[in-house]
Each structure stands twice: as C-alpha cells, then as structure tokens.
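These notes concern the structure reproduced below.
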Amino acid sequence: MKIPVTITDKAFEEIIKIRDRKQIPEKYGLRIGINGAGCAGVSYMLGFDTPSQEDGTFNLPGLTVYISKKHTLYLFGLTLDFHEGPEGSGFVFTNPSATAPG
C-alpha cells in the first residue's frame with residue numbers, strides 16, 4: 001500500500017534530524033494523524049510512536065511511518081512540508097488539489 005501523505009525532502013530531512021537529535025529509539029516510527037475535525041477544519045498531528053493494531057505501516061528508506069486506518073481518508077493527497085521563515089519554522093500540511101476561496 002502506498003503512503004497517503006507526500007513527505008517533501010525538506011520535511012523528511014527535518015524528521016530525521018529531530019529523531020537523531022532526540023535519540024528516539026529505533027522501535028519508534030513517525031505517527032501522522034489527526035487530532036480532530038470540526039468547524040475550523042482538520043487539525044493534524046505528528047510525533048514519534050510505536051505501532052498499534054489499527055495502523056497502516058509504511059516503510060520509507062530510513063523511516064517507518066504509522067497512520068491509523070481511521071485517519072487515512074483525512075490524510076489522503078496531503079503534502080507534509082517543512083517551512084523556515086522570519087516568523088519561525090515548522091511542519092505544514094497542505095492540500096495541493098485544494099482551491100482557494102474565490
């Protein structure tokens with residue numbers, strides 16, 4: 001099965017840097033999911049975690065990604081990127097197929 005989220009090269013590099021800097025044990029993978037969906041839209045989450053039975057497991061070169069099967073629909077087609085700017089830096093989820101309100 002193909003991972004439903006595209007992870008940019010910059011985001012991937014930052015994930016690996018964080019994992020190495022924080023010395024995250026190998027048994028942990030990157031969990032991508034949602035915290036909830038409401039009036040303001042979907043709130044996404046990232047973190048290092050161990051797998052559960054409800055997860056889809058995606059093995060990327062050098063990184064295992066866990067996504068709850070219940071969250072896959074909300075994540076399908078999204079791109080995870082890492083942005084740096086004068087206001088700060090952080091991970092950003094975008095939907096390349098979304099259209100701007102007009």
Side-chain angles (χ1 to χ4, degrees):
M1 178 175 9
K2 184 178 185 247
I3 187 167
V5 177
T6 299
I7 301 174
T8 66
D9 291 342
K10 181 67 177 163
F12 189 86
E13 290 171 15
E14 289 298 321
I15 292 163
I16 299 301
K17 282 182 193 175
I18 292 168
R19 183 188 66 190
D20 293 348
R21 185 174 58 244
K22 294 188 179 264
Q23 299 178 351
I24 306 290
E26 284 188 32
K27 68 180 181 177
Y28 288 82
L30 179 70
R31 176 165 303 282
I32 301 175
I34 62 168
N35 280 332
C39 298
V42 177
S43 175
Y44 303 103
M45 59 142 242
L46 286 174
F48 291 98
D49 198 2
T50 55
S52 74
Q53 291 194 352
E54 294 90 37
D55 290 337
T57 300
F58 306 91
N59 294 306
L60 305 177
L63 181 68
T64 301
V65 177
Y66 305 121
I67 298 175
S68 169
K69 292 175 184 170
K70 295 184 290 187
H71 296 182
T72 302
L73 180 64
Y74 296 97
L75 299 170
F76 187 76
L78 293 181
T79 297
L80 172 61
D81 200 0
F82 185 83
H83 288 280
E84 295 178 286
E87 310 254 332
S89 60
F91 292 97
V92 178
F93 285 92
T94 58
N95 183 344
S97 62
T99 57

Given the rule in the side chain to side chain contact (heavy atoms under 4.5 Å, CB included) test, do Asp55 and Asp49 qualify, once you have shown the distances and angles that lead to the verdict? CA-CA 11 Å; Asp55 290 337; Asp49 198 2; over 6 Å; no

Give the C-alpha distance, both sets of side-chain angles, the deciding distance and a yes or no for side chain to side chain contact (heavy atoms under 4.5 Å, CB included) between Asp81 and Thr94. CA-CA 8 Å; Asp81 200 0; Thr94 58; 5.6 Å; no

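Leu80 has its side chain within reach of Leu46: a pair of non-hydrogen atoms, C-beta onward, lies under 4.5 Å apart. When side chains are defined from C-beta on, Ile15 counts as touching Ile7, because their heavy atoms get closer than 4.5 Å.
For the ring-ring contact (aromatic ring centres under 6.0 Å, His included) condition, the pairs that include at least one residue of residues 41-68, sequence neighbours left out, are Tyr44-Phe93.
The CD1 atom of Ile32 sits 7.0 Å away from the CG atom of Leu75 when rounded to the nearest 0.5 Å.
Under the 4.5 Å side-chain heavy-atom criterion for ILVMFWY residues, no single connected hydrophobic cluster contains both Met45 and Ile34. Cluster annotation: Phe76 and Phe91 are assigned to distinct hydrophobic clusters (Ile/Leu/Val/Met/Phe/Trp/Tyr, side-chain heavy-atom contacts under 4.5 Å, transitive).
Pairing each heavy atom of His83 with each of Val92, the nearest pair is CD2-CG2, 3.4 Å. Contact record, Tyr28 with Ile24: CB-CG2, 3.5 Å, taken as the closest heavy-atom pair. Closest approach of Leu63 to Arg19, counting heavy atoms only: CD1-NH1, 4.0 Å.
Looking at residues two or more places apart in sequence or on another chain, you find no side chain to side chain contact (heavy atoms under 4.5 Å, CB included) involving Pro61. In this view, Asn59 and Thr64 satisfy the side-chain hydrogen bond (donor to acceptor under 3.5 Å, both in side chains) rule, not counting sequence neighbours.
For the pair Lys10 and Glu14, the salt-bridge criterion is met [side-chain N within less than 4.0 Å of a carboxylate O].
Around the CG atom of Asp9, the shell of radius 6.0 Å holds no more than 12 heavy atoms that belong to other residues, nucleotides or ligands.
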